[in-house]
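Report on one structure; see the data block that follows.
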Amino acid sequence: QGWSSITTQSYIQCTYQTLISINTALTLIRFPLFHWPSFTFQIREQRYRTDRALYITVMAVCAIVVARQRNDLSNPTSRHNAPTSRAFYQAAAAAFPTDLSRAQGFDYKRAKVLMAIASIQYGSILEHKTNLGEYVVLVCNDGFHDESRWELGLTEIQKQERRRLV
(Lines give C-alpha, C1' and ligand atoms only; values in the text may rest on other atoms or scores of the structure.)
Protein backbone atom coordinates (compact mmCIF):
# COMPACT_ATOMS: atom_id res chain seq x y z
CA GLN A 1 0.00 0.00 0.00
CA GLY A 2 2.21 2.77 -1.28
CA TRP A 3 -0.46 5.35 -0.48
CA SER A 4 -0.09 4.79 3.26
CA SER A 5 3.68 4.98 3.50
CA ILE A 6 3.39 8.24 5.41
CA THR A 7 1.72 6.43 8.31
CA THR A 8 4.78 5.76 10.36
CA GLN A 9 4.17 5.02 14.01
CA SER A 10 4.79 8.64 15.03
CA TYR A 11 2.27 9.90 12.45
CA ILE A 12 -0.31 7.38 13.53
CA GLN A 13 0.17 8.35 17.16
CA CYS A 14 0.05 12.06 16.38
CA THR A 15 -2.97 11.57 14.12
CA TYR A 16 -4.95 9.86 16.81
CA GLN A 17 -3.92 12.32 19.53
CA THR A 18 -4.67 15.27 17.26
CA LEU A 19 -8.11 13.97 16.37
CA ILE A 20 -9.02 13.19 19.95
CA SER A 21 -7.92 16.64 21.08
CA ILE A 22 -9.99 18.51 18.49
CA ASN A 23 -12.20 21.20 19.87
CA THR A 24 -15.39 19.98 18.21
CA ALA A 25 -17.07 23.37 18.42
CA LEU A 26 -14.23 25.03 16.54
CA THR A 27 -13.73 22.50 13.79
CA LEU A 28 -16.89 20.51 13.24
CA ILE A 29 -19.79 22.84 14.01
CA ARG A 30 -18.73 25.13 11.21
CA PHE A 31 -18.29 22.14 8.89
CA PRO A 32 -20.61 19.40 10.17
CA LEU A 33 -19.30 16.77 7.76
CA PHE A 34 -18.91 14.02 10.35
CA HIS A 35 -20.84 12.05 12.86
CA TRP A 36 -18.03 12.43 15.35
CA PRO A 37 -18.57 9.21 17.39
CA SER A 38 -18.57 7.11 14.21
CA PHE A 39 -15.49 8.83 12.83
CA THR A 40 -13.42 8.53 16.00
CA PHE A 41 -14.48 4.87 16.27
CA GLN A 42 -12.99 4.28 12.83
CA ILE A 43 -9.78 5.97 13.96
CA ARG A 44 -9.54 3.89 17.14
CA GLU A 45 -10.07 0.77 15.02
CA GLN A 46 -7.26 2.00 12.71
CA ARG A 47 -9.42 1.49 9.63
CA TYR A 48 -7.38 4.17 7.85
CA ARG A 49 -4.62 1.56 7.50
CA THR A 50 -6.68 -0.47 5.03
CA ASP A 51 -9.17 2.08 3.67
CA ARG A 52 -7.41 4.51 1.34
CA ALA A 53 -10.28 7.00 1.18
CA LEU A 54 -10.56 7.08 4.97
CA TYR A 55 -6.79 7.54 5.25
CA ILE A 56 -6.97 10.57 2.95
CA THR A 57 -9.90 11.96 4.94
CA VAL A 58 -8.03 11.53 8.23
CA MET A 59 -4.94 13.26 6.83
CA ALA A 60 -7.08 16.15 5.55
CA VAL A 61 -8.82 16.52 8.93
CA CYS A 62 -5.44 16.57 10.66
CA ALA A 63 -4.19 19.20 8.23
CA ILE A 64 -7.11 21.47 9.16
CA VAL A 65 -6.83 20.83 12.88
CA VAL A 66 -3.08 21.43 13.04
CA ALA A 67 -3.42 24.60 10.93
CA ARG A 68 -6.16 25.91 13.21
CA GLN A 69 -4.22 25.04 16.35
CA ARG A 70 -1.25 26.90 14.89
CA ASN A 71 -3.46 29.94 14.23
CA ASP A 72 -5.08 29.85 17.67
CA LEU A 73 -2.64 31.69 19.88
CA SER A 74 -4.66 30.85 22.99
CA ASN A 75 -4.17 27.12 22.33
CA PRO A 76 -0.49 26.28 22.89
CA THR A 77 -0.82 22.58 22.02
CA SER A 78 1.85 22.39 19.36
CA ARG A 79 4.65 19.92 19.85
CA HIS A 80 8.11 20.45 18.40
CA ASN A 81 8.33 17.08 16.65
CA ALA A 82 4.69 16.84 15.57
CA PRO A 83 3.95 16.78 11.84
CA THR A 84 3.00 20.10 10.30
CA SER A 85 -0.34 20.87 8.75
CA ARG A 86 1.29 20.85 5.32
CA ALA A 87 2.77 17.38 5.99
CA PHE A 88 -0.73 16.04 6.64
CA TYR A 89 -2.11 17.85 3.59
CA GLN A 90 0.68 16.52 1.37
CA ALA A 91 0.05 13.01 2.68
CA ALA A 92 -3.61 13.36 1.69
CA ALA A 93 -2.73 14.77 -1.73
CA ALA A 94 -0.09 12.11 -2.42
CA ALA A 95 -2.51 9.31 -1.54
CA PHE A 96 -5.36 10.66 -3.69
CA PRO A 97 -5.71 8.77 -6.99
CA THR A 98 -4.53 10.89 -9.91
CA ASP A 99 -7.22 9.27 -12.05
CA LEU A 100 -10.39 10.67 -10.47
CA SER A 101 -12.50 7.92 -12.01
CA ARG A 102 -10.78 5.56 -9.55
CA ALA A 103 -11.75 7.74 -6.56
CA GLN A 104 -15.18 6.28 -6.00
CA GLY A 105 -16.87 6.45 -2.65
CA PHE A 106 -18.07 8.96 -0.14
CA ASP A 107 -14.82 9.55 1.75
CA TYR A 108 -12.99 10.63 -1.41
CA LYS A 109 -15.57 13.37 -1.90
CA ARG A 110 -15.42 14.41 1.74
CA ALA A 111 -11.62 14.46 1.60
CA LYS A 112 -11.68 16.85 -1.37
CA VAL A 113 -13.92 19.26 0.54
CA LEU A 114 -11.62 19.04 3.56
CA MET A 115 -8.57 19.60 1.39
CA ALA A 116 -10.28 22.69 -0.04
CA ILE A 117 -10.86 23.96 3.50
CA ALA A 118 -7.21 23.34 4.36
CA SER A 119 -6.19 25.27 1.24
CA ILE A 120 -8.12 28.26 2.53
CA GLN A 121 -6.21 28.00 5.81
CA TYR A 122 -2.97 28.25 3.79
CA GLY A 123 -4.28 31.16 1.73
CA SER A 124 -3.86 29.16 -1.47
CA ILE A 125 -6.81 30.13 -3.65
CA LEU A 126 -5.57 28.11 -6.64
CA GLU A 127 -5.31 24.91 -4.54
CA HIS A 128 -8.74 25.68 -3.10
CA LYS A 129 -10.30 26.02 -6.55
CA THR A 130 -8.54 22.87 -7.76
CA ASN A 131 -9.84 20.82 -4.83
CA LEU A 132 -13.39 22.14 -5.24
CA GLY A 133 -13.25 21.49 -8.98
CA GLU A 134 -12.14 17.91 -8.37
CA TYR A 135 -14.94 17.52 -5.81
CA VAL A 136 -17.45 18.58 -8.48
CA VAL A 137 -15.98 16.03 -10.89
CA LEU A 138 -16.33 13.29 -8.25
CA VAL A 139 -19.95 14.28 -7.58
CA CYS A 140 -20.78 14.32 -11.30
CA ASN A 141 -19.06 10.99 -11.97
CA ASP A 142 -21.57 9.03 -9.89
CA GLY A 143 -24.53 11.40 -9.61
CA PHE A 144 -23.90 11.94 -5.91
CA HIS A 145 -26.22 14.95 -5.88
CA ASP A 146 -29.17 12.57 -6.42
CA GLU A 147 -30.03 10.56 -3.28
CA SER A 148 -31.73 7.88 -5.36
CA ARG A 149 -28.29 7.00 -6.75
CA TRP A 150 -26.70 6.44 -3.33
CA GLU A 151 -25.86 2.89 -2.34
CA LEU A 152 -28.57 0.90 -0.64
CA GLY A 153 -28.55 0.07 3.06
CA LEU A 154 -27.14 3.35 4.36
CA THR A 155 -27.83 4.12 8.00
CA GLU A 156 -29.56 7.37 8.92
CA ILE A 157 -26.19 8.72 10.12
CA GLN A 158 -24.56 7.91 6.77
CA LYS A 159 -27.41 9.60 4.91
CA GLN A 160 -27.11 12.73 7.03
CA GLU A 161 -23.33 12.90 6.47
CA ARG A 162 -23.92 12.69 2.73
CA ARG A 163 -26.66 15.33 2.79
CA ARG A 164 -24.31 17.73 4.54
CA LEU A 165 -21.69 17.23 1.84
CA VAL A 166 -23.94 17.79 -1.18
Self-check item: Side-chain donor/acceptor of Gln104 to backbone N/O of Ser101, under 3.5 Å
Solution: yes

Quiz item: Any side-chain heavy-atom pair from Lys129 and Leu132 closer than 4.5 angstrom?
Solution: no

Quiz item: Does a side-chain heavy-atom distance below 4.5 Å link Tyr122 with His128?
Solution: no

Quiz prompt | Closest contact, heavy atoms only, Ala118 versus Ala63 | solution = CB-CB, 4.4 Å

Quiz item: With hydrophobic residues grouped by side-chain heavy-atom distances under 4.5 Å, do Val166 and Met115 end up in a single group?
Solution: yes

Practice problem: Mind listing the closest non-hydrogen atom pair of Pro97 and Ile56 along with its distance? | Solution: CD-CD1, 4.3 Å

Quiz item: Does Glu161 reach the main-chain N or O of His35 with its side chain, forming a donor-acceptor pair under 3.5 Å?
Solution: yes

Quiz item: Honestly curious: do Tyr135 and Val137 fall in one hydrophobic cluster under the side-chain, below-4.5 Å linking rule?
Solution: yes

Quiz item: Under the 3.5 angstrom rule, does the side chain of Tyr108 hit a backbone N or O of Leu100 as a donor-acceptor pair?
Solution: no

Quiz item: Within a strict 4.5 Å, meaning less than it, do heavy atoms of the Tyr48 and Thr57 side chains meet?
Solution: no

Quiz item: How about Trp150 and Phe106: are their ring centroids closer than 6.0 Å?
Solution: no

Quiz item: Would you say Gln158's side chain and Thr155's backbone share a donor-acceptor pair under 3.5 angstrom?
Solution: yes

Quiz item: Is the CZ atom of Arg163 crowded by more than 12 outside heavy atoms at less than 6.0 Å?
Solution: yes

Exercise. Would you please test Asp146 and Arg149 for salt bridge (charged side-chain N to carboxylate O under 4.0 Å, His left out) and show each step?
Key: CA-CA 6 Å; Asp146 183 353; Arg149 296 184 68 183; 5.4 Å; no

Practice problem: Say whether Phe39 and Leu154 are linked into one hydrophobic cluster, either directly or through other cluster members, by side-chain heavy-atom distances under 4.5 angstrom. | Solution: yes

Practice problem: Say whether Val66 and Ile120 are linked into one hydrophobic cluster, either directly or through other cluster members, by side-chain heavy-atom distances under 4.5 angstrom. | Solution: no

Quiz item: Looking just at side-chain N and O atoms, do Tyr89 and Thr84 make a donor-acceptor pair shorter than 3.5 Å?
Solution: no

Quiz item: From Glu45 CD over to Thr50 OG1, what is the distance, rounded to the nearest 0.5 angstrom?
Solution: 10.5 Å

Quiz item: Are Phe88 and Val58 side-chain neighbours, meaning at least one heavy-atom pair lies under 4.5 Å?
Solution: no

Quiz item: Does the side chain of Arg52 reach to within under 4.5 Å of the side chain of Arg102, using non-hydrogen atoms?
Solution: no

Quiz item: Is there a donor-acceptor pair under 3.5 Å between the side chain of Arg110 and the backbone N or O of Leu33?
Solution: yes

Quiz item: Where does the angle between the aromatic ring planes of Trp36 and Phe34 fall among parallel (under 30°), tilted (30 to 60°) and perpendicular (over 60°)?
Solution: perpendicular

Exercise. Validate the cation-pi geometry between Lys109 and Phe144: distance from NZ or CZ to the six-membered ring centre under 6.0 Å, angle to the ring axis within 45°.
Key: yes

Quiz prompt | Donor-acceptor contact present, side-chain Asn131 to main-chain Glu127, <3.5 Å | solution = yes

Practice problem: State yes or no: do Ile157 and Val113 share one hydrophobic cluster built from I, L, V, M, F, W and Y residues joined by side-chain heavy-atom distances below 4.5 Å, directly or via other members? | Solution: no

Quiz item: Do Lys112 and Leu138 come close enough that some side-chain heavy atom pair is under 4.5 Å?
Solution: yes

